[in-house]
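Reminder, nothing fancy here: chain letters follow the sequence lines and each chain counts from 1.
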Amino acid sequence: MIRDARVLRAGFVPREVEHRDAEVNHLSSVLEPITNDEPADTAIVTGPSGAGKTCISKFVTERLREEVLDVEATYVNCWRNHTRFRALYQILDDLGTTIDIHRQSTPHDELTNRLQEYDGPRTVVILDEVDQLEDPSIIYTLHDLPQFAIICIANTEEELFSQIDDRLVSRLRSSEHVRMDKYHDDQLFDILRARAKWGLDEDVIVDDQLYRIADAAAGDARLAIGILRTAASKADRENCDRITDDILLDSAEDARAQIKQKSLESLTPHQRVVYEIVRDHGPIGPSEIHEHYSDDVDDPRTKRTVRTYLSKMVQYNLLEAEGTSRDREYSIVDSKVASPMG
DNA sequence: GCTCCACCGGAAATTTAGGGAA
DNA sequence: TTCCCTAAATTTCCGGTGGAGC
């Protein structure tokens, strides 16, 4: 029943982007100077999750590379590569200049030097989830090098600007800003129908079901496609020739759980223990968290380190904090959005 | 208004981990 | 193996914040 599984994967970039013509054209025009071997402006792409920020950024750069020979592109997920070293390493790795760079014994400056010395084709650097960078100075470094055009992707402008220093803020304010909104239900339906058409056999899923997925996903294309993918593979495993309503209902829950699971996998064992304490006992204050935590592990870290864990998990949207001082309490983020799938 | 105190988070110091060279 | 180097993680220290109780 699954014709082409790639189409249903999260990172898939389609040949045609639906309902984002204005944004695609806007971003293309910002990068346009590159086609004449001239430096391009930095672009900032903002919008809620699942609005298609990553998708159109990759789409536009891929199309650019089809049109022009001497253009490179590199994609950095700053959430996974949140240190300056890892982000720089990822870029240099894509450019093929990391042959003799080793993770542990190469100074930071060496990576910066490599970047400055780079004299290959002009390169578009997509910095996804850029507000997750621990040290945003990498934006500054790249911004100064005419060889690189940067696309900064973040949820909101405020989140991005709150992380970086004033000098850079004033520079970025003059950058081109592509704003994206959540998809409407009918737009999401079109996206799903296109994916179903290429990814699944005919009649595996009916329009009414696609509408219900669009409705349940509340404007989030990543979630919508995740639900479709989960439903298709579930039906495939169960040897059904079409997706039943029961399967669809289960898949909506599973797809949400999967997205959260991905975040949890990036936590260290100690961080995981802290998360589980908050999940089981929350809302709960920091002292109590540390007491439970010290009981649960053999070699507990200090309160200060646990505070760092907690603020990190708040940033990752796994936990939420209420109160500012002595009244502060942590609880897990409730991802159960009312689901109209039934 | 004052003091206490749990908590926050920045900065610097220290420890840990992992790779290369001799 | 041992020594040396560096990034990353952690700890130590500490000033700042803001409820709670008086």
Practice task
Please work out whether the ring planes of A:H292 and A:H281 are parallel, tilted or perpendicular, with thresholds of 30° and 60°.
Solution key: parallel

**Asked** Is there a side-chain contact between A:R114 and A:Y118 (heavy atoms, below 4.5 Å)?
**Response** no

task = Describe, in one word, how the ring planes of A:Y309 and A:H270 are oriented to each other, choosing from parallel (under 30°), tilted (30 to 60°) and perpendicular (over 60°).
result = tilted

Using residues 55-66 of chain A as the side-chain source, report each donor-acceptor pair under 3.5 Å to any protein atom, sequence neighbours left out, with the distance given to one decimal.
residue	atom	partner	partner atom	Å
A:S57	OG	A:K53	O	2.8
A:T61	OG1	A:S57	O	3.0
A:T61	OG1	A:K58	O	3.0
A:R63	NH2	A:S28	OG	3.3
A:R65	NE	A:V71	O	3.0
A:E66	OE2	A:R15	NH1	3.2

Here the distance between atom P of B:dC7 and atom CD1 of A:I289, to the nearest Å, is 9 Å

Residue pairs passing the salt bridge (Lys or Arg N to Asp or Glu O under 4.0 Å) test with at least one member in residues 281-301 of chain A, sequence neighbours excluded, are A:D299-A:R301

To the nearest angstrom, the CZ-C1' distance between A:R86 and C:dT6 comes to 14 Å

Rounded to whole Å, CZ of A:F85 lies from C1' of C:dT6 at a distance of 8 Å

### Query
Below 4.0 angstrom from OP1 or OP2 of B:dC8, is there any side-chain N or O of A:R328?
yes

- Do the side-chain N and O atoms of A:R84 and A:T141 include a donor-acceptor pair separated by under 3.5 angstrom? yes

Q. Mind checking whether A:L223 and A:I227 have side chains closer than 4.5 Å, heavy atoms only?
A. yes

Whole-Å distance, A:K312 NZ to C:dA8 P, equals 11 Å

Students should find that the end-to-end axis angle of the helix from B:dG1-C:dC22 to B:dA22-C:dT1, with five pairs defining each axis and rounding to 10 degrees, is 20°

Test salt bridge (Lys or Arg N to Asp or Glu O under 4.0 Å) on A:E157 and A:R173; report intermediate values, then the result. CA-CA 10 Å; A:E157 201 176 335; A:R173 284 220 190 275; 3.5 Å; yes

Hey, are A:T54 and A:D128 close enough side-chain-wise for a donor-acceptor pair under 3.5 Å? yes

Per-nt protein contacts along nucleotides 17-22 of chain C (heavy atom under 4.0 Å; B base, S backbone sugar-phosphate only, - none) come out as BBB---

| Parallel, tilted or perpendicular for A:H290 and A:Y293, by the 30°/60° rule? | tilted

*OP1 or OP2 of B:dC8 less than 4.0 angstrom from a side-chain nitrogen or oxygen of A:Y330, does that happen here?*
yes

Should A:S287 be listed as having a side-chain N or O under 4.0 Å from OP1 or OP2 of B:dA6? no

Letter by letter from the 5' end, nucleotides 10-16 of chain C scores (B base, S sugar-phosphate only, - none; protein heavy atoms under 4.0 Å) SBBB---

Members sharing A:V30's hydrophobic cluster, built from side-chain contacts under 4.5 Å between Ile, Leu, Val, Met, Phe, Trp and Tyr, are none

